[in-house]
Amino acid sequence: MPELPEVETIARGVDARVRGDQIVEAWFSGFKQPFKTSPKVQARGLEGSWILGVRRVGKHIVCALGSTYGGSKRNHGSGGAEDEPDREWIVHLGMTGRLLVTTPDAELAAHTHARLRLKSGREIRFVDPRRFGRLELREIRSGSGFEAAGQEPLTIGAEEFALMFRGRRLAIKAALLNQTLLSGVGNIYADESLFRAGIRPRRQAGRLTKAHLERLRRELVVVLEQAIRLGGSSVSDYVDAEGVRGFFQLEHCVYQRTGQPCLRCGTPIRKVIVGGRSSHYCPQCQN
DNA sequence: CATTTCACCTGGTGGC
DNA sequence: TGCCACCAGGTGAAAT
């Protein structure tokens, strides 16, 4: 479901609602997926912890947890500096995951896999019908917390971006989707940025000119930032932390517009499979 | 090693 | 209406 703009929107919303709150009790469903860390271990690490902040890393939502907050101590905490996170709860939404902040009496959605009851009386809920999402608890060792495997699309420089694709024979679309290269780009924003840059999805990544790659990087940043401003794309049932839909789907130029006229030249949009994913492009505007 | 394919899941849609 | 094939915003393991 969610790519960088949707995850960013959700992380911001959750952060605004739960920063400084304390987790009183954690409940988990009994499925094997989506638990990367066993529910028992997660509950042990979560209960009693304070939420120091929530941020996005790639397509992950990272909740920084601490044993202390403003002088208070966790029940069975283990020292450490004041308000320094000692563990992180990492949420990946997969295709259909949702992370919501609700009141305890809010109707329980089908496929709810986690409920974190907070001291304020609110609740964090993770809902995921397809169970492609992942919930993980990590202890923070030696300072630095969770880091994405690849580069952040919003901050990577022109040089580094171009260098990343050098010598690669795979299609540029597949390269954009590879999270160990860039973290955060998914099918919608790969298609939209390629359209705006005038590049066909099947073009070999390593054969694009530096100028083309720089145009692609800039358009990717533009499209991601615009999508964040509009609260992401609500293609199926995506909603933010408050249950509100995004509006960027209204701005899609090619994604899921197969057969419809290109908004720039009127040529019907085509769909092909690249890297196992549906890829939409304009045969006139993209070469 | 780089690249491609497939399995992991449920639900919605459109054809018959 | 019912059944079924097909599709979906992702990713990691297995195969090539």
Side-chain angles (χ1 to χ4, degrees), chain A residues 1-11 29-37 56-61 90-99 109-113 126-136 146 148-150 153 163-195 201-207 220 223-224 226-228 230-240 244-259 271-280:
Chain A
M1 160 214 286
E3 307 180 31
L4 188 153
E6 292 76 34
V7 178
E8 178 71 32
T9 301
I10 293 165
S29 71
F31 292 93
K32 191 183 287 180
Q33 287 184 30
F35 303 106
K36 203 164 172 179
T37 308
R56 176 195 64 79
V57 178
K59 292 178 192 170
H60 300 265
I61 299 165
I90 299 156
V91 178
H92 193 288
L93 300 170
M95 292 275 268
T96 54
R98 292 157 58 187
L99 195 66
H111 309 290
T112 298
H113 297 290
F126 177 73
V127 181
D128 185 8
R130 286 177 78 178
R131 279 181 267 139
F132 285 174
R134 291 292 179 269
L135 298 180
E136 181 183 6
F146 181 85
L163 216 58
M164 203 166 52
F165 300 108
R166 198 152 74 172
R168 298 199 175 268
R169 310 172 70 90
L170 80 170
I172 185 63
K173 168 71 184 278
L176 286 172
L177 294 178
N178 184 336
Q179 301 296 300
T180 64
L181 296 177
L182 278 179
S183 294
V185 181
N187 211 28
I188 295 175
Y189 300 101
D191 279 5
E192 293 298 318
S193 61
L194 285 169
F195 169 76
R202 283 219 176 101
R203 291 283 297 279
Q204 258 186 39
R207 291 201 172 167
L220 183 58
V223 84
L224 290 174
Q226 192 191 349
I228 291 170
L230 293 177
S233 302
S234 287
V235 171
S236 65
D237 61 351
Y238 159 79
V239 290
D240 72 7
V244 176
R245 293 167 60 84
F247 291 98
F248 188 73
Q249 67 277 12
L250 303 174
E251 309 288 322
H252 292 175
C253 293
V254 287
Y255 180 74
Q256 284 190 350
R257 294 196 62 247
T258 310
K271 178 166 100 166
V272 293
I273 303 297
V274 184
R277 313 294 302 279
S278 295
S279 302
H280 314 76

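Below, chains carry the letters A, B, ... as their sequence lines are ordered, and counting in each starts from 1.
Distance check: Q249(A) CD to Q256(A) CD gives 10.5 Å after rounding to the nearest 0.5 Å. In this structure, R131(A) CZ and D128(A) CG are separated by 8.5 Å, a value rounded to the nearest 0.5 Å. Taken from CZ in F126(A) to CG in L93(A), the straight-line distance is 6.0 Å, to the nearest 0.5 Å. In this structure, OG1 on T180(A) lies 9.5 Å from CE on M164(A), to the nearest 0.5 angstrom. Rounding to the nearest 0.5 angstrom, the gap separating the CG atom in L4(A) from the CD1 atom in I188(A) is 12.0 Å. Considering CD1 of I172(A) and OG of S193(A), their distance stands at 8.5 Å, rounded to 0.5 Å.
Considering H280(A), K173(A), E3(A) as possible partners of N187(A), the one that fulfils the side-chain hydrogen bond (donor to acceptor under 3.5 Å, both in side chains) test is K173(A). Among E8(A), E6(A), H92(A), the single residue meeting the side-chain contact (heavy atoms from CB on, under 4.5 Å) criterion with K59(A) is H92(A).
Here dA8(C) is the nucleotide among dT3(B), dG10(C), dA8(C) with the atom lying nearest to any side-chain atom of Q256(A). Taking every side-chain heavy atom of K59(A) into account, dG10(C) is the closest of dG10(C), dG11(B), dT3(B). Of the candidate nucleotides dC9(B), dG10(C), dA2(B), dG10(C) has the atom nearest to the side chain of M95(A).
In this model, a side-chain donor or acceptor of R130(A) finds a partner on the base of dC9(B) within 3.5 Å.
Residues from residues 271-278 of chain A placing a heavy atom under 4.0 Å of any atom in DNA chain B do not occur.
For R169(A), no side-chain nitrogen or oxygen approaches OP1 or OP2 of dT3(B) to under 4.0 Å. Taking only side-chain nitrogens and oxygens, Q179(A) comes nearer than 4.0 Å to OP1 or OP2 of dT11(C). Note on H111(A): every side-chain N or O is 4.0 Å or more away from OP1 and OP2 of dT10(B).
The same atom, P, is picked in dC9(B) and in dA14(C); the two are 15 Å apart, to the nearest Å.
In this entry the distance linking NE2 of H113(A) with C1' of dT10(B) reads 10 Å, nearest Å. The NE2-C1' distance, from H252(A) to dA8(C), rounds to 14 Å in whole Å. At whole-Å resolution of the value, NZ in K36(A) and P in dA13(C) are 9 Å apart. Nucleotide dT4(B) holds its C1' atom 14 Å from the CD atom of Q204(A), rounded to whole Å. At whole-Å resolution of the value, CG in L181(A) and P in dA2(B) are 10 Å apart. If you take CD of E6(A) and P of dA8(C), they are 16 Å apart, rounded to a whole angstrom. The separation between L4(A) atom CG and dT11(C) atom P is 11 Å, rounded to whole Å. Across the protein-nucleic acid pair, H60(A) atom NE2 and dT11(C) atom C1' stand 9 Å apart, rounded to whole Å.
Using a 4.0 Å heavy-atom criterion, one finds that Y189(A) contacts no nucleic acid atom at all. At the heavy-atom level, R134(A) lies nowhere under 4.0 Å from the strands shown.
For the pair F248(A) and Y189(A), the minimum side-chain heavy-atom distance is below 4.5 Å.
Residues passing the side-chain hydrogen bond (donor to acceptor under 3.5 Å, both in side chains) test with H113(A) are S29(A), sequence neighbours excluded.
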* Asked: Tell me, what's DNA chain C's dot-bracket, Watson-Crick or G-U with both distances under 3.5 Å, | for other-strand, [ ] crossing?
  -> .|||||||.|||||||
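Residue ring and nucleobase are stacked for F132(A) and dC8(B), with a centre distance beneath 5.5 angstrom and an angle between planes beneath 30°.
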